[in-house]
Amino acid sequence: MRALSFSTGGGLDFWVLTDRSMDIGTLSWQGVQLAWQTAAGFRAPALVNPEGDGGRGFNRGFGGFLITCGLNHIRQPMNGEPLHGRLPFTPARLTAYGEEWERVEPMLFCEGEVVQSRYGGETLRLKRRIEAPIGGASMRILDTVENLGAEEVPQAILYHFNLGFPAIASGSTVELNGNRLLGPTELPDGGLMPARTWPIGGEGEARCVVKSTSNAGAAGLAVTFAFDTRTLGHLQVWHDLRKHAGVLSIEPCSSPFPEKGDDPLGALAPGERREYRLEVSLAGTPITAFAPIAR
């Protein structure tokens, strides 16, 4: 699988998986791996069939820091659409990458595009730019989705960010705009929690922060997910903290969880575009060891 390796020089290192929709594979902070990874590793796209396993082939490639879901369907298999849509694991066309030293804020960057198309169905193009300030501790994802087809089609997107230990450990919490959603008692002993969705509303920026502390109460890591609520008006959270799993998913998305039927998506007319913007930033020190028990 083709990948681009980024190192900002500020403690943040990550891989952009060109052959997997330009998603994020590994993500390390101060030399510590934070991205949750499945035992299957990063499988080549040819080994992942989203239509297989009753439309749940997504689960055979699920893993890494980010999987982008969509572009016309997200969540459970429904009406012939597979789990999380047909975009995941589609190879991208890499159009540019490098360094931009002439900017006020120098950047590492890459750009590419992914086309999701079926004859007689949808034709949607995702154009993606990922940039990371040189010497910094953040990355930005700038996406544009365009309808290249001749008919109006539904369009939805979900950013499936996945954290594992030590980002998730005893004392971890999840906050949305300063309000506690989970933790510390639910984490890491909460088992399997089905997906829950919180509406955000308004026009501005939402901030979801995952914090971890040691069992001695020392402050540790903070991972912040900031996203534009004009197009990502909902936050979905899911976790499976059972043995041999250990994943917490933070999922900014474009639509609420439906009670029945299809997702209530906003359609794109031919030639119409929709923009999405997210930023992930890191601070603090990962806690990889816990205070010994006094004897």
Side-chain angles (χ1 to χ4, degrees), residues 1-10 12-28 33 35 37-38 40-50 57-58 60-72 84-103 105-118 122-136 138-149 155 157-162 227-228 231 252 268 271 273-281:
M1 181 183 297
R2 294 177 301 160
L4 297 172
S5 179
F6 282 70
S7 183
T8 67
L12 176 62
D13 300 272
F14 59 93
W15 290 358
V16 175
L17 303 179
T18 312
D19 276 342
R20 206 183 80 173
S21 310
M22 294 193 72
D23 283 334
I24 310 297
T26 64
L27 181 135
S28 298
Q33 181 62 224
Q37 298 182 52
T38 177
F42 302 124
R43 306 188 77 184
L47 300 178
V48 181
N49 175 17
F58 172 94
R60 291 193 177 274
F62 176 43
F65 183 66
L66 170 64
I67 301 180
T68 307
C69 304
L71 290 166
N72 66 322
H84 283 315
R86 294 183 170 86
L87 177 73
F89 317 113
T90 302
R93 184 171 74 91
L94 182 65
T95 57
Y97 67 94
E99 308 162 0
E100 296 176 330
W101 290 99
E102 70 280 4
R103 293 178 51 166
E105 185 180 35
M107 291 285 176
L108 303 176
F109 78 97
C110 66
E111 296 177 353
E113 60 181 45
V114 190
V115 176
Q116 176 189 326
S117 181
R118 294 183 298 156
E122 75 283 353
T123 300
L124 294 163
R125 178 173 62 192
L126 169 68
K127 283 192 172 183
R128 169 164 289 179
R129 175 183 170 93
I130 296 176
E131 57 183 33
I134 294 173
S138 66
M139 74 165 72
R140 298 167 194 156
I141 301 171
L142 309 173
D143 284 350
T144 300
V145 178
E146 181 180 4
N147 181 5
L148 300 181
Q155 197 274 303
I157 200 164
L158 181 148
Y159 294 86
H160 209 305
F161 292 103
N162 307 298
F227 49 96
D228 187 344
T231 47
L268 280 184
R273 301 177 181 181
R274 187 169 293 150
E275 296 182 350
Y276 302 93
R277 176 187 175 91
L278 307 96
E279 182 170 1
V280 181
S281 57

Peer 1: Just to verify, which of Arg125, Glu146, Lys127 counts as forming a side-chain contact (heavy atoms from CB on, under 4.5 Å) with Val115?
Peer 2: Arg125

Peer 1: Side chains of Thr68 and Arg128 only: does a donor on one sit below 3.5 Å from an acceptor on the other?
Peer 2: yes

Peer 1: Do Tyr159 and Leu278 come close enough that some side-chain heavy atom pair is under 4.5 Å?
Peer 2: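 Tyr159 vs Leu278: side chains touch.
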
Peer 1: Does Ile157 form a side-chain contact (heavy atoms from CB on, under 4.5 Å) with Tyr276? I'd like the steps, not just the answer.
Peer 2: CA-CA 9 Å; Ile157 200 164; Tyr276 302 93; 3.4 Å; yes

Peer 1: With ring centroids as reference points, do His84 and Phe62 lie under 6.0 angstrom apart?
Peer 2: no

Peer 1: Starting at CE of Met22, measure out to CG of Leu17 and round the result to the nearest 0.5 Å.
Peer 2: 10.0 Å

Peer 1: Is there a side-chain contact (heavy atoms from CB on, under 4.5 Å) between Leu66 and Ile141? Walk through the geometry before answering.
Peer 2: CA-CA 11 Å; Leu66 170 64; Ile141 301 171; 3.6 Å; yes

Peer 1: Any chance you could measure Arg86, atom CZ, to Leu124, atom CG, to the nearest 0.5 Å?
Peer 2: 11.5 Å

Peer 1: Measuring only between side-chain heavy atoms, which start at C-beta, is Leu12 closer than 4.5 Å to Phe6?
Peer 2: no

Peer 1: Once you round to the nearest 0.5 Å, how far does SG of Cys69 lie from NE2 of His160?
Peer 2: 5.5 Å

Peer 1: Within this structure, what is the OG1-CZ distance for the pair Thr38 and Arg43, rounded to the nearest 0.5 Å?
Peer 2: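 Going from the OG1 atom of Thr38 to the CZ atom of Arg43 covers 9.0 Å.
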
Peer 1: Check the pair Arg140, Val280 against side-chain contact (heavy atoms from CB on, under 4.5 Å), reporting the backbone distance first and the verdict last.
Peer 2: CA-CA 6 Å; Arg140 298 167 194 156; Val280 181; over 6 Å; no

Peer 1: In terms of side-chain heavy atoms, does Asn72 have a donor or acceptor partner in Gln116 at a distance below 3.5 Å?
Peer 2: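 Side chains of Asn72 and Gln116: pair found under 3.5 Å.
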
Peer 1: Could you grab the distance from atom CG of Leu87 to atom CZ of Arg20, nearest 0.5 Å is fine?
Peer 2: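 Atom-to-atom, Leu87:CG and Arg20:CZ are 11.0 Å apart.
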
Peer 1: Less than 4.0 Å between a side-chain N and a carboxylate O, is that true for Glu131 and Arg103?
Peer 2: yes

Peer 1: Can you tell which of Ser28, Ser7, Ser5 makes a side-chain hydrogen bond (donor to acceptor under 3.5 Å, both in side chains) with Asp13?
Peer 2: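 The passing option is Ser7.
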
Peer 1: Is the Phe58-Phe89 ring centre distance short of 6.0 angstrom?
Peer 2: yes

Peer 1: Is there a donor in the side chain of Ser117 and an acceptor in the side chain of Thr123, or the other way round, less than 3.5 Å apart?
Peer 2: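 Their side chains do contain a donor-acceptor pair, which is all the 3.5 Å distance test asks for.
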
Peer 1: Using the rule given for side-chain contact (heavy atoms from CB on, under 4.5 Å), can you reason through Ile24 versus Ile67, listing the C-alpha separation, both sets of side-chain angles and the distance that settles it, and then say yes or no?
Peer 2: CA-CA 7 Å; Ile24 310 297; Ile67 301 180; over 6 Å; no

Peer 1: Salt-bridge test for Arg129 and Glu275: reply yes if a basic N is under 4.0 Å from a carboxylate O, no otherwise.
Peer 2: no

Peer 1: Taking the six-membered ring for Trp and the full ring for Phe, Tyr or His, determine whether the centres of Phe161 and Phe65 are under 6.0 Å apart.
Peer 2: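 Phe161 vs Phe65: aromatic centres under 6.0 Å.
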
Peer 1: Apply the side-chain contact (heavy atoms from CB on, under 4.5 Å) test between Thr231 and each candidate in Gln155, Arg274, Arg277; give the one that qualifies.
Peer 2: Arg274

Peer 1: Where the side chain of Thr95 meets the backbone of Glu111, is there a donor-acceptor pair that is under 3.5 Å apart?
Peer 2: yes

Peer 1: Distance-only, no hydrogens or angles: does the Gln33 side chain make a donor-acceptor pair with backbone N or O of Leu27 under 3.5 Å?
Peer 2: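 The answer is yes, because a donor-acceptor pair under 3.5 Å joins these two groups.
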
Peer 1: Quick one, Phe42 and Trp15 - any side-chain contact, counting heavy atoms below 4.5 Å?
Peer 2: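 A side-chain contact under 4.5 Å exists here.
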
Peer 1: Okay, side chain of Arg2, backbone of Leu94: is any donor-acceptor separation there less than 3.5 Å?
Peer 2: no

Peer 1: How long is the span from the CZ atom in Arg273 to the CG atom in Leu148, to the nearest 0.5 Å?
Peer 2: 9.0 Å

Peer 1: Counting distance only, does the side-chain N/O of Thr8 pair as donor-acceptor with the main-chain N or O of Ile134 below 3.5 Å?
Peer 2: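 Answer holds: no.
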
